[in-house]
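So that the names make sense, note that chain A is the first sequence line, chain B the second, and so on, each numbered from 1.
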2 protein chains.
Amino acid sequence: MVKREPVELKLREQVVLKLRELILGGELAAGQRVAEIPISERLGVSRTPVRQALTVLAQEGLLSAAGKRGYVVHAFSAKDITDAIEVRGILEGAAARIATETGISEELRQALEVCIAEGEVIAMKDHYGMADDVRWVEVNGRFHKLIVEASANIALISALALNDKLPFASATAVLGGDTPSRIIARKHHEVVRRAHAEHKKIVEALCSRQGARVESLMQEHARLAEANVTLFRST
Amino acid sequence: MVKREPVELKLREQVVLKLRELILGGELAAGQRVAEIPISERLGVSRTPVRQALTVLAQEGLLSAAGKRGYVVHAFSAKDITDAIEVRGILEGAAARIATETGISEELRQALEVCIAEGEVIAMKDHYGMADDVRWVEVNGRFHKLIVEASANIALISALALNDKLPFASATAVLGGDTPSRIIARKHHEVVRRAHAEHKKIVEALCSRQGARVESLMQEHARLAEANVTLFRST
DNA sequence: CATCCGGCAATTGGATCCAATACTAAAGAA
DNA sequence: TTCTTTAGTATTGGATCCAATTGCCGGATG
């Protein structure tokens, strides 16, 4: 083990992060047994932080208890994924509605406009590449985060945080960006354009205090993630 | 430490349960520092399961990180509580709507009718006592659980499970039942009667596949919990 | 040949140990 | 008197250790 210089993150949190990565990246396949010792050896830490990480991931639902002994990587069905997406729509829709009801601050409005402007640039590109993809994920994530936090409802925010830990349900869920062929990129750009168009409508509804409208727009917007999933699955 | 005979629950889970009890029961006051050693001594276990329990409770939101060092009992504001109740309404409303859309099975309908019948008995009592309270809490919990699980949406179910860990947000949240004076009991009976009346409408809407109606009924129904909270607070 | 029993190995869970870090309090200087 | 520095202490977090349970494999027996 390396000498411990002032570490920012607790070791167990690093392990949680790393394991999430491994699971979502498919390196730990669904259904596969997850034992403490192999993981601890693989990551070069002792079993203690691994054990703690496993309980955290189990709470998040990424792992499930395998009988009395240890965990397995949770196998998510297609229904699980669409369910999670639906829930995200419900929660983000509610967040947007609540935000309109309490009122949109001027700072928030401006921050949203910035997202729109930056999204516009990406959406209108002639050539859509990797870098644009990364940029879009960032802008999109910021946009959603702004709205969710504008609800100022902690229970809502944490419910969404939990939901986002499930695979593919997150607004920022990326396609496995390993080998994005030209065709995939084009399709993806198309999804981005649609998402951006919806973002514009959402901001418009938000700022004109159309609570019911923004709620249903947001719910519908979540369903775009399903397009992402099928796009990914079909490769 | 007691000799370990075949224990059902892992020690860390027992600690989680016990700590939740202590926190919700107010024995660990909001804002109070929670250190590992005092807890482990109090419960007669080593620090290891306590540490794990603390991370679990922190994830649930009952504890919050105190700077770099340890945790404190999270202080919930009145707004936090109404927020959590609102979120519960949103989620349970969605669950009920989804359940109507997918269709109510005959078994489910019957199980709901049983809840209604048992609730009717309690609601119509001339004299409402402790035992009725306990009974109502059980019936009410069963009713809500049936509906939520009828949605068959895991993401929704787990979002609600998280929400229910927050104080007072749960459908089964009881008033601190220590010394329920006669007046409190009467007021409480009134709340129960209203809740029961709403249950009946909810079942009616569910069974006649009125999705939108059942959703808004359920949302409104959640707000009854606020009455409970104010009732409790005013004592 | 199938089944049941016993022992062995793998693995988990808790306790203890140790190092490192953050808080505290006391003492000294401005 | 107050601010700063420093030494001591409390407490956390990770590693290691140990006990106990489980699952498995092989052999014995009906």
Tell me whether the rings of H199(A) and H144(A) are parallel (<30°), tilted (30 to 60°) or perpendicular (>60°).
perpendicular

Please report, rounded to the nearest Å, how far the P atom of dG14(D) is from the CG atom of L54(A).
14 Å

Can you name the one residue among E92(A), E86(A), R88(A) that meets side chain to side chain contact (heavy atoms under 4.5 Å, CB included) with I90(A)?
E86(A)

Does K10(A) make a side-chain N or O approach to OP1 or OP2 of dG13(D) shorter than 4.0 Å?
yes

DNA chain D: R33(B) or G67(A), which has the more 5' nearest nucleotide?
R33(B)

S46(B) side-chain N/O to dA15(C) phosphate OP1/OP2 under 4.0 Å:
yes

Is the closest side-chain heavy-atom distance between I147(B) and I202(B) below 4.5 Å?
yes

Rounded to the nearest angstrom, tell me the gap between atom OH in Y71(A) and atom P in dT11(C).
16 Å

To the nearest Å, how far apart are Q52(A) CD and dG13(C) P?
12 Å

Quick one: L11(A) CG to dG14(D) P, roughly how many Å, whole number?
5 Å

Closer to the 5' end of DNA chain C via nearest nucleotide, is it R47(B) or R69(A)?
R69(A)

Could you give the CD1-to-P distance, from I37(B) to dG14(C), as a whole number of Å?
18 Å

For the base of dG14(C), is there a side-chain donor-acceptor partner from R51(B) under 3.5 Å away?
no

Report the residue (T48(B) or P38(B)) whose heavy-atom-nearest nucleotide on DNA chain D is the more 5′ of the two.
P38(B)

L9(A) CG to dT12(D) P: how many Å, rounded?
18 Å

N-O pairing of E27(B) and R42(B) below 4.0 Å:
yes

Whole-Å distance separating the CD atom of E36(A) from the P atom of dT12(C):
5 Å

